[in-house]
2 protein chains.
Amino acid sequence: MANIEDVAKLANVSIATVSRVLNNKGKYSEKTKIKVLKAIEELNYKPSSQAKHLAKVKYGFKIGVLISSRIKNILEKKRNEYGEMDFYSTVLKGIYDGANENKAEIILMTFEEFINKKKECDGILVLGSDKIPDYILNCNIHKVLVDNYIVGKKINAIISNGFDGAYYVVDKMIKRNYKRIIHIHGPLEFYGFRRRFEGYELAMKQNNLLPITYEVAETQESINYIIDLILAKKPEVVFTSNDPIAIMVLNALKSKNVKVPENVQIIGFDDIVFSASTEPSLSTVKVFKYEMGNVALERVIELINGKNLHPYVTSLFTEFIERKSTKGV
Amino acid sequence: MANIEDVAKLANVSIATVSRVLNNKGKYSEKTKIKVLKAIEELNYKPSSQAKHLAKVKYGFKIGVLISSRIKNILEKKRNEYGEMDFYSTVLKGIYDGANENKAEIILMTFEEFINKKKECDGILVLGSDKIPDYILNCNIHKVLVDNYIVGKKINAIISNGFDGAYYVVDKMIKRNYKRIIHIHGPLEFYGFRRRFEGYELAMKQNNLLPITYEVAETQESINYIIDLILAKKPEVVFTSNDPIAIMVLNALKSKNVKVPENVQIIGFDDIVFSASTEPSLSTVKVFKYEMGNVALERVIELINGKNLHPYVTSLFTEFIERKSTKGV
DNA sequence: TTGTACGCGTTATCAA
DNA sequence: TTGATAACGCGTACAA
């Protein structure tokens with residue numbers, strides 16, 4: 001591969017001039033431009049994105065991290081029932097660590113604040129699955145959605161692979177010879193819940209088992225309401241859309257004097273902080289929150305440097321964390 | 001962020017020694033090791049993956065690209081009915097171009113040949129969705145699957161986002177006020193077909209339309225067999241799992257004297273070479289083959305450099321290419 | 001308008 | 001066993 005020096009030599013100019021033409025910065029004559037472009041053409045020269053980054057990192061990047069007012073409240077400790085504070089602060093830690101390594105400055109702001117700070121940003125990360133205003137979605141800044149994916153919009157996104165995690169853990173339970181595995185899920189219009197549902201469904205069907213599913217709201221009442229229906233199915237394992245639901249199921253079973261994991265095993269999804277300290281502690285599928293932030297930051301820097309510009313969704317694999325709400329092997 | 005020089009200064013050694021400890025290469029005393037590790041700890045030092053790459057690129061990388069014997073045959077022009085030769089050669093072009101930019105040497109080999117060439121590779125790309133032998137899946141080399149995703153195995157993979165593409169194009173047709181949109185698909189045990197199916201299904205349901213689907217084998221007979229059933233539904237649009245099926249539908253409609261796009265519109269998926277030259281030319285959803293190869297190559301280089309090691313699936317967005325088998329706006 | 005020289009972080013080589 | 005240094009490819013401040 002030719003480098004900038006080869007181009008400079010062939011065009012009979014300095015590398016600085018090549019760079020100027022390439023990036024359309026500074027002054028250069030039309031004649032020089034043509035010489036340089038010809039040399040680039042001839043050598044089939046393509047700047048190395050890695051070296052580009054290394055050279056640019058010196059001057060730093062400015063990355064806006066956009067959150068809804070709701071998430072801002074959560075981060076300010078106003079509420080944390082569902083472990084959301086932990087979730088977002090862990091993702092943010094991944095973002096900040098990545099920023100640190102790339103000499104990037106993070107500007108944390110709400111959706112509204114972005115309107116005035118737009119010009120300062122080389123790129124933005126939009127955090128969380130709250131509704132994103134159109135002026136953000138349509139602005140022409142490099143952007144990456146974090147823990148959110150908008151179907152049909154072709155926006156770069158980082159999410160966790162709920163389909164794969166659900167399939168993996170359900171298939172694992174089936175291999176342990178459990179057959180009556182029930183899935184309790186939140187509303188399927190949410191992409192995340194739906195993908196976990198589909199993973200569960202596929203694992204069951206591929207093993208010739210009948211999927212049994214219940215939709216609930218994420219409230220204790222909603223769970224209590226159907227707990228008898230669930231128990232009537234004599235489930236060996238209850239797999240839920242997320243940890244908060246799993247914990248509510250656990251509560252409901254306790255109040256019915258059903259022993260966990262002896263009589264019913266429970267598996268959640270997310271691995272929120274509380275899951276380690278329930279009684280018994282909750283087996284769950286871990287979402288890699290830190291990595292999610294880290295990968296998102298790296299992705300937006302890539303985009304700023306003009307690398308891998310074609311948009312795509314990044315789905316991080318999960319991991320089964322086995323605690324005491326399942327029986328183990 | 002601390003750099004290697006800061007660490008060297010604090011530990012009172014040279015940067016070379018820091019590097020030696022870090023990478024466990026060359027000789028150094030236990031005492032030195034402890035000093036260095038302490039300094040690294042204290043400064044929270046993390047080597048920059050970018051700079052690492054730049055330093056490494058000098059010595060080059062060796063990337064194995066693994067293909068099945070079947071794909072090898074296709075590439076050697078033994079057959080090309082389904083545009084597969086074009087598909088794989090375009091992906092390969094993306095791989096080679098990426099390799100070029102990263103000073104990587106590509107070693108193209110079959111699954112069997114890999115057994116003996118394993119030691120030469122810094123990383124491997126496994127191309128295509130033919131069954132991959134376990135000795136490849138289980139070998140401890142950095143690997144990336146290209147146009148393949150194995151559920152539940154947590155292996156890095158690059159695929160095209162069939163779900164999103166299908167949703168996008170079906171939703172677009174619905175917005176053009178067509179309601180009778182039929183989906184003809186291949187066997188749903190293939191992940192790719194299933195995702196396209198799910199995208200179709202979601203777009204229909206979200207618009208309160210009833211999904212109508214037919215499963216077929218990828219043969220002309222299989223299509224001819226159901227063409228009357230399909231026509232009985234008076235479809236305005238027929239959306240298929242891929243271009244080969246779309247072309248067969250086109251043939252079947254022709255032999256029934258059904259005008260395309262006047263009476264029935266057809267949309268394929270993939271954008272294989274032949275799609276531009278059918279009569280009428282085929283509207284389709286383009287899969288970004290070149291980018292798929294390119295991103296895959298970049299990903300494996302990343303892994304070799306120890307960057308973003310947590311595994312994930314990369315799903316490239318698609319694009320609707322409108323030709324003459326649909327009516328346009 | 002153009003060129004020189006430096007810096008980014010790492011590692012191999014060679015010398016000590 | 002350790003240190004000094006060049007090299008990887010690019011962008012830009014500064015000098016010319």
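Please read all numbers here as calculations on a predicted model, not as lab measurements.
- Remark: the backbone N or O of A:Phe317 is not paired with any side-chain donor or acceptor of A:Asn161 at under 3.5 angstrom.
- Nucleotide D:dG11 holds its C1' atom 14 Å from the CD atom of A:Glu5, rounded to whole Å.
- The NZ atom of A:Lys307 sits 14 Å away from the C1' atom of D:dC10 (whole-angstrom rounding).
- Considering A:Val65, A:Leu297, A:Val91 as possible partners of A:Val146, the one that fulfils the side chain to side chain contact (heavy atoms under 4.5 Å, CB included) test is A:Val91.
- With 3.5 Å as the limit, one finds a donor-acceptor pair spanning the side chains of A:Asp97 and A:Tyr290.
- For the pair B:Lys56 and B:Tyr59, the cation-pi criterion (under 6.0 Å, within 45° of the ring axis) is not fulfilled.
- Nucleic acid contact class of B:Ile15 (heavy atoms, under 4.0 Å, all strands): base.
- A side chain to side chain contact (heavy atoms under 4.5 Å, CB included) with B:Ile63 is found for one member of B:Ile107, B:Ile304, B:Ile124, B:Val144 and no other, namely B:Ile304.
- If you check every strand for non-hydrogen atoms under 4.0 Å, A:Ser19 touches a base.
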Handout entry: Criterion side-chain hydrogen bond (donor to acceptor under 3.5 Å, both in side chains) on A:Ser129 and A:Asn148, from CA distance to verdict
Key = CA-CA 5 Å; A:Ser129 14; A:Asn148 190 2; 5.2 Å; no

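- Remark: P of C:dC8 and NZ of A:Lys58 are 7 Å apart, rounded to the nearest angstrom.
- A donor atom on one side chain and an acceptor atom on the other are found under 3.5 Å apart for A:Ser68 and A:Asp130.
- Figure legend: A:Lys286 and A:Phe320 shown without cation-pi pairing, the cationic atom not lying both under 6.0 angstrom from the six-membered ring centre and within 45 degrees of its axis.
- Residues B:Asp164 and A:Tyr312 fail the side-chain proximity criterion, which asks for heavy atoms closer than 4.5 Å.
- End-to-end axis angle of the helix from C:dT1-D:dA16 to C:dA16-D:dT1, using five pairs per end and rounding to 10°, comes to 50°.
- For A:Asn100 (side chain) and A:Tyr96 (main-chain N/O), no donor-acceptor pair under 3.5 Å exists by modelled atom type.
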Handout entry: Evaluation steps, salt bridge (Lys or Arg N to Asp or Glu O under 4.0 Å), between B:Glu101 and A:Lys46
Key = CA-CA 7 Å; B:Glu101 192 187 322; A:Lys46 240 191 98 185; 2.9 Å; yes

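- Here the P atom of nucleotide D:dA7 and the CD1 atom of A:Ile4 are 18 Å apart, to the nearest Å.
- Among the atoms of the strands shown, none is found under 4.0 Å from any heavy atom of A:Val18.
- Rounding to whole angstrom units, NZ of residue B:Lys103 and C1' of D:dG9 are separated by 9 Å.
- The separation between A:Leu54 atom CG and C:dT10 atom P is 10 Å, rounded to whole Å.
- Near-neighbour residues of DNA chain D inside residues 23-34 of chain A, defined by a heavy atom below 4.0 Å, number-ordered: A:Asn23, A:Lys25.
- Listed by residue number, the members of residues 35-53 of chain A with any heavy atom below 4.0 angstrom from DNA chain D are A:Tyr45, A:Lys46, A:Pro47, A:Ser48, A:Ala51, A:Lys52.
- Note: A:Phe61 and A:His142 fail the aromatic proximity criterion, with ring centroids not under 6.0 Å apart.
- The 5' end of DNA chain D is approached more closely, in terms of each residue's nearest nucleotide, by B:Arg20 than by the other of B:Ala55 and B:Arg20.
- Listed pair B:Thr17 / D:dG3 meets the phosphate criterion, a side-chain N or O lying under 4.0 Å from OP1 or OP2.
- Here C:dT10 presents its C1' atom at 16 Å from CD1 of B:Ile304, a figure rounded to the nearest Å.
- If you take NZ of A:Lys56 and C1' of D:dC10, they are 10 Å apart, rounded to a whole angstrom.
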